[in-house]
2 protein chains.
Amino acid sequence: MLNGHKERSAPIKRAKRVTISDVSDALGLTKGTVSRALNGYPDISDSTRNRVKRVSEKMGYQPLSHAQAIKTGRTRSLGLVLQFGDHDSHRPFLAEFLSGISHGASRENWTVTVATADSDGDTLNTVLRLLNERKADGFILPRTMTDDPRVHLLRDAAAPFVLYGRTQDATDCAWFDILGEEAMRQAVLRLVKQGHKRIAFVNGGSEYYYSVLRLQGMLQGLKEAGIAPDPDLIATDAVRPEDGAAATRKMLRLTNPPTAFVFAVDMAALGLYRVAADLGLVVGRDLSVIAYDGVPEGAFATPPLTTFSVDSRQAGERLAALLIRRVRGEPVQDLRETAKATLVERGSDGPPTLTSNQLARAVSAHSKLSEYPKGGTK
Amino acid sequence: MLNGHKERSAPIKRAKRVTISDVSDALGLTKGTVSRALNGYPDISDSTRNRVKRVSEKMGYQPLSHAQAIKTGRTRSLGLVLQFGDHDSHRPFLAEFLSGISHGASRENWTVTVATADSDGDTLNTVLRLLNERKADGFILPRTMTDDPRVHLLRDAAAPFVLYGRTQDATDCAWFDILGEEAMRQAVLRLVKQGHKRIAFVNGGSEYYYSVLRLQGMLQGLKEAGIAPDPDLIATDAVRPEDGAAATRKMLRLTNPPTAFVFAVDMAALGLYRVAADLGLVVGRDLSVIAYDGVPEGAFATPPLTTFSVDSRQAGERLAALLIRRVRGEPVQDLRETAKATLVERGSDGPPTLTSNQLARAVSAHSKLSEYPKGGTK
DNA sequence: GTTTGCTCCGAAACCGGTTTCGGCAACTGT
DNA sequence: ACAGTTGCCGAAACCGGTTTCGGAGCAAAC
């Protein structure tokens, strides 16, 4: 398209800023000296450096990032490319996440440039465009996949980036991540403690690395509890309620159904509620479920969903801080942080009231396992 | 703070771009001429203009926005300052909204700079900072208030902006808005048609202009139905479930309680569900409710909430388009658009099964109106 | 007393564009 | 045929910074 016709228009009359020349004039120095003083060059005496800092601060001088960028190539802005389209399970966290990023950025006087994309290819193109236009000095990559094309792209381009989540090949990767595996482990142990023996695990999107980790954590929990894992009790790729409902339905049809479910994703866990209602089973009593994410929808379910909540705001803030340091040249090894999810104990889990056998009978009593119902009249 | 110590760091080695000089060299012209040709100056012959366009396109030339900005002051980026903190009722739409804005922006090769703030003052400061740093050429202002300080600020600064929502003083204001008043009117008429006589209206945040409009629409609906408005059946400032629950509780205690509720905000309407459950009333049968927004939580309520859904993605896209045109100098009069919310008929409304009197008795049968319960055991 | 070596700053080029100004050539009009 | 317009483009200044280079000034070394 190129820029079609006259992008220019009415002149802007904003109050004029103080420029570096204003500062240098006031100090009787050249702008080059002021620049070097402000940017920590060694060939400036301490006395003048301090004088420059003091005066420029007093005058309210703030360098124009795009004026600097013309020479430095850096614009002090973080890039965030959000991909929607498939299943949008990270939407609920977006506000918190953005807020965290924005805070982390503005603390260092950086800004955040966001863009959205529909597909993987679109995402890569958008990243490239932002990079090529120098609209972002580096990128925050949410929802990292086991083998993430964005990582390859940015690694090859030698552009700074930081992952929200870990990935298989850690080369050149800085990250912040929540220890989902630890949460899954604790979920299992909690259910075991409540008396459950048959515990199902419904994992999330298999392309994401978090799935690998959460499964590991779940298996670790079983191991510690001395329970042998049962392949029939492990499902995968459940991120929407429909997916979770399907997985639940399938497992409840087993001759030896699980009395408890661990979901890697809250939204999928909400599907279990539908199935339970369908079968006349009461969640939190006949069926226990613990999930992960802490989406607001879970708090509004009946009973409210017990879940491991992640602090998306903190994640955003840490990611921003890490990325800024990365752009400034720190090695990735120093830029890897993790945090824990926090258990929110609500009403969806508890000691089993039915044995697996009793549950199986209750389920088979319902001749027809209906599909996803419209939601009802009680 | 000023930029503390050396912001600069390892050099960036990205693949080099094609610059305007590359293009002008290839054409045997000066860069000035190329620039003027591309930017629609009149003193360039059509033949060379076309030649320049063709070649620069073929070479993949894309001007660096921040290099242009240094002279033009414009950076081709939209500013969006999100304010969280109080009640975050627009969170659910954020993803859609952002996606729309981003699409609208990138269509014209613009980008989006977002920042967040905690308070009104913080928002104004952030806007000023972005403006002063020239990080945004204009702003999209979501959630406009009746008398909005951001409007004053930007009007005084002669900076371009566009409202998501209308406001009292339309001077210098461009906007996109959904006709909430029309939705409220339709909600009332729908309930009247179903047979309701006593219809309550629970409005949203009174500082926002949408509240003014939605109340007008509601009253208009009553008027058309020949029903006299009852001040006891009008509440305000309900944006969270707690608020909605309180308003519902209060109105149900009336000697002549409403059998139907119109909520200006979905999230507030969800509070009615809690109260209904408390009183043993079935939503959609004993109590009808229609709300507005189309938040995902509403779809997961039992029964699912009938609501007027707004297309946030479209809103974002239109706002971006309008703001770009505004920055380019079009007058605000040409930059005002509206769209309608679409009714999503679900299960929360229907013909009344109880008269107002019967309802009053049913309510008073419950001696104690408990506070917000933890959510129940069926 | 000159040379060497630092420290510290000025001068100027440079980044990638935009915009002003002026002039040449080719048209007009008379 | 000649002055007066245009039309069209080159030259150069400019925007607000960064960065390179070199040299003045001064202290230590020879």
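Note on naming: letters A, B, ... go to the chains in the order of the sequence lines (proteins, then strands), and numbering restarts at 1 for each one. Since we're looking at a predicted model, the values are computed, not measured.
Side-chain atoms of B:Thr167 come within 3.5 Å of backbone N or O of B:Met145 as a donor-acceptor pair. Side chain of B:Ser35 to backbone of B:Lys31: no donor-acceptor contact under 3.5 angstrom is found. In this structure, the side chain of B:Asp22 engages the main chain of B:Thr19 through a donor-acceptor pair within 3.5 Å. Without hydrogens or angle criteria, A:Arg74 side chain to A:Arg328 main chain gives no donor-acceptor distance under 3.5 Å.
With sequence neighbours left out, A:Leu124 forms a side chain to side chain contact (heavy atoms under 4.5 Å, CB included) with A:Pro149, A:Arg150, A:Leu153. Partners of B:Arg51 by side chain to side chain contact (heavy atoms under 4.5 Å, CB included), not counting sequence neighbours, listed by chain and number: B:Leu27, B:Leu29, B:Thr48, B:Arg54. Applying the ring-ring contact (aromatic ring centres under 6.0 Å, His included) test to B:Tyr164 and every residue at least two apart in sequence or in another chain returns B:Phe97.
Side-chain contact, A:Gln68 with A:Arg76: a donor N or O sits under 3.5 Å from an acceptor N or O. Looking only at atom types and distance, the side chain of A:Asp118 has no donor-acceptor partner in the side chain of A:Gln83 under 3.5 Å away.
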* To do: Apply side-chain hydrogen bond (donor to acceptor under 3.5 Å, both in side chains) to A:Ser99 and A:Arg313, showing your working.
  => CA-CA 6 Å; A:Ser99 177; A:Arg313 193 171 199 290; 3.3 Å; yes
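In this structure, A:Arg336 satisfies the cation-pi test against A:Trp175, with its NZ or CZ atom closer than 6.0 Å to the six-membered ring centre and inside 45 degrees of the ring normal.
Nearest-nucleotide positions on DNA chain D place B:Arg49 closer to the 5' end than the other of B:Arg49 and A:Ser35.
The rotation axes computed at either terminus of the helix from C:dG1-D:dC30 to C:dT30-D:dA1 lie 50° apart, taking five pairs at each end and rounding to 10 degrees.
In this structure, the CZ atom of B:Arg134 is 20 Å from the P atom of C:dG17, given to the nearest Å. Nucleotide C:dG17 holds its P atom 18 Å from the CZ atom of B:Arg74, rounded to whole Å. Straight-line distance from the NE2 atom of B:His66 to the P atom of C:dG17: 9 Å, rounded to whole Å. Atom CG in B:Leu38 sits about 10 Å away from atom P in C:dG17, given to the nearest Å.
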Please list each protein N or O that sits under 3.5 Å from an N or O in nucleotides 23-25 of chain C, with the distance.
none

* In B/S/- notation, 5' to 3', how is nucleotides 10-16 of chain D contacted by protein heavy atoms closer than 4.0 Å? -> BB--BBB
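A close approach under 4.0 Å does occur between a side-chain nitrogen or oxygen of A:Ser45 and OP1 or OP2 of C:dC9. In this model, the phosphate group of C:dC9 is approached by a side-chain N or O of A:Thr48 to a distance below 4.0 Å at OP1 or OP2.
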